[in-house]
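To start, the structure itself, in C-alpha cells.
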Amino acid sequence: MEDETAAPAAKIRIKTNPYIPHEVVTEILLRLPVTSLLRFRRVSKAWNATICNDPSFQCTHLRRHRTDDPCLLIAPRIHAIGKNFNGSLSGLYQWEEDHAYSTATALLYPMPVPPFPEFLEAHDLVHCDGLVLVGTRSAAWVLNPVMRRVVELPWGRLGDSTSFSYLEAFGLGRDPHSDAYKVVRFFTPPRVEVLTIGSSDDRCWHETVSQPPWFHVKRRPAAICFKGSLIWTVDQKDRNGQLGFLRFRLDEETFSLIPPPPCWSWDDHEASTLSELREVLCLTTSVGLMNRSLDMWICTDLDLPQWEKCYNILSDWTQPLHPVAMLGNGVLVCRSSGNYLHRCTFQPGKGVTVNHTICMNDLRYDNVDEGPLVEYPSRTATYFDAIPYVPSFVFI
C-alpha cells in the first residue's frame, strides 16, 4: 500500500531552447561584419546555409556593408631571394586602421605566383566589392580573399602570344543592371574584351560591339570602378588627343570620355591620380614647389561630370602623394614612390595634413600559416600593392 504521507514527487523541469524566428536570426546576421559571420556559420547547419548559400542574404549583406570602413590590403612583390631572381606576389596582408604602424599585419590569402619574367609585367591589383583581380601579361585570377576562393581566368584569343594586340590594362566591376561581375581587358591597338564571372559562358571572352576611342590608357594606377563604370586615365602618349578619362559602362558596354577639371594641362594630367573614396570619384594632382601641395577634386555624377576642388593636402614630402583609401574617422591614406604610406587627417578650414609616414619595407608581416613574422626589406621586395578592401561573401 502506497504511503499517503510520502512527499509528492518533485516536478521535473525540462529546459527548452527559446524559438527565434528565422527572419529575426537573418536580420541579426545581416548586421554583423564578414569576419564575425565566418565564425558564426559553424553554429548550425541552418546558419551556415543562410550565410554561405543564400544569394539573397549575400546581396543584402553586401549592400548594407559596402560603405563600411575599409582596411588596406598590402601585397609585396618579391624580386630577390639570395642570388636567385624570383618575381612573385607573396600574399595579401591585411592592415587595419587601429593597428600601430610598426605592428605586424596578418596574411589574409596566399597569392597566385606568376613566374619570372611575369613580375616585370604584373599589373596593379584591381578590387570591387571584396573581389580582387590579379593580372599579368599572360594570366589572370579573380579571388575572394576572405572566402579563400580563387578562379583562374581563361586567356582568350586576343591575349594569345600569336596576337598582334598588346594588353595595356585590366578592370573589374559590377554591372548594375544584371548584378554580375565583369573582368575587362584593354588592348592596343584599341580593342576591349569582357568576361562575365559566374555566367554560363564564363569561360569565354567576348569583344565589345562598341569600339573604344583610339587612346592609350595607363596601366598604373588601375581602372577605378565607380557607379557601374570602369574609368581609366588616358596616357600621355595621346598628347595630340583630348585630355580626360576613358569611361566604360559595364551595363551597355559603351565608351565615353570624361573631361578633366577646368584649366587642366598635360602636366597636371601626368601628375594626377584617380581614386574612389567613400563612393566619391576623386582626382588629385601635385601643385606648387617641390610637389608639397596636392589639390583634390571630386565628381559625383558621371553622366553630367562636374569637378569641384574641395581640399588641399599639405606635406613636407617631396614626392607626389596618391590617395589610396579613406579609412575610419576620416583618415586618408596616401602613398608615394619608394613604397611609403602616409596617414593624413582633415582639418576644417586648413585642408589635409600628413601626420605619419611609414615605409612598407619596414613593416613586419604575420604569416598565420607558417607562424613566424616575415620581413620584406628593399633587397627582397621592390614594390608593394596597397588597395582598400571591405570583405564580402560575393561568390565566384
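Just the heavy atoms: all of them, side chains too, but no hydrogens, waters or symmetry mates, feed the values below. Residues take their numbers from the sequence shown, with the count starting at 1.
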Would you please test H22 and T50 for side-chain contact (heavy atoms from CB on, under 4.5 Å) and show each step?
-> CA-CA 10 Å; H22 180 70; T50 299; 3.1 Å; yes
Check the pair I387, L72 against side-chain contact (heavy atoms from CB on, under 4.5 Å), reporting the backbone distance first and the verdict last.
-> CA-CA 6 Å; I387 61 174; L72 284 185; over 6 Å; no
Let me see the working for S275 and H322 under side-chain hydrogen bond (donor to acceptor under 3.5 Å, both in side chains), right down to the final yes or no.
-> CA-CA 9 Å; S275 56; H322 307 291; over 6 Å; no
Can you list the steps and then say if I74 with D385 is a side-chain contact (heavy atoms from CB on, under 4.5 Å)?
-> CA-CA 6 Å; I74 300 176; D385 275 315; over 6 Å; no
Where do S392 and N144 land on the side-chain contact (heavy atoms from CB on, under 4.5 Å) test, with the steps shown first?
-> CA-CA 8 Å; S392 78; N144 186 327; 4.0 Å; yes
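At distances below 3.5 Å, at least one donor-acceptor pair connects side-chain atoms of E168 with backbone N or O atoms of V217. The backbone N or O of P176 sits nowhere less than 3.5 Å from a side-chain atom of D251 that would complete a donor-acceptor pair. In this structure, the side chain of R148 does not engage the main chain of L143 through any donor-acceptor pair within 3.5 Å. A donor-acceptor pair under 3.5 Å is formed between the side chain of T208 and the backbone N or O of S210. A donor-acceptor contact shorter than 3.5 Å links the side chain of R278 to the backbone of T67. One N or O on the side chain of H65 and one on the backbone of L30 form a donor-acceptor pair closer than 3.5 Å.
Taking the ring axis of W155 as reference, the NZ or CZ atom of R185 stays within 45° of it and closer than 6.0 Å to the ring centre.
Using a 4.5 Å heavy-atom cutoff, the side chains of L302 and R247 are in contact.
Rounded to the nearest 0.5 angstrom, N48 CG and N53 CG are separated by 6.5 Å. In this structure, L73 CG and W95 CH2 are separated by 12.5 Å, a value rounded to the nearest 0.5 Å.
Taking the centre of each ring, F245 and W232 stay at or above the 6.0 Å mark.
A salt bridge links K182 to E253: at least one charged side-chain nitrogen sits closer than 4.0 Å to a carboxylate oxygen. The residues E27 and R64 are annotated as salt-bridged, a charged nitrogen and a carboxylate oxygen being separated by less than 4.0 angstrom.
Between F40 and W47, the ring planes lie perpendicular to each other; the angle is over 60°, past the 30° to 60° tilted range.
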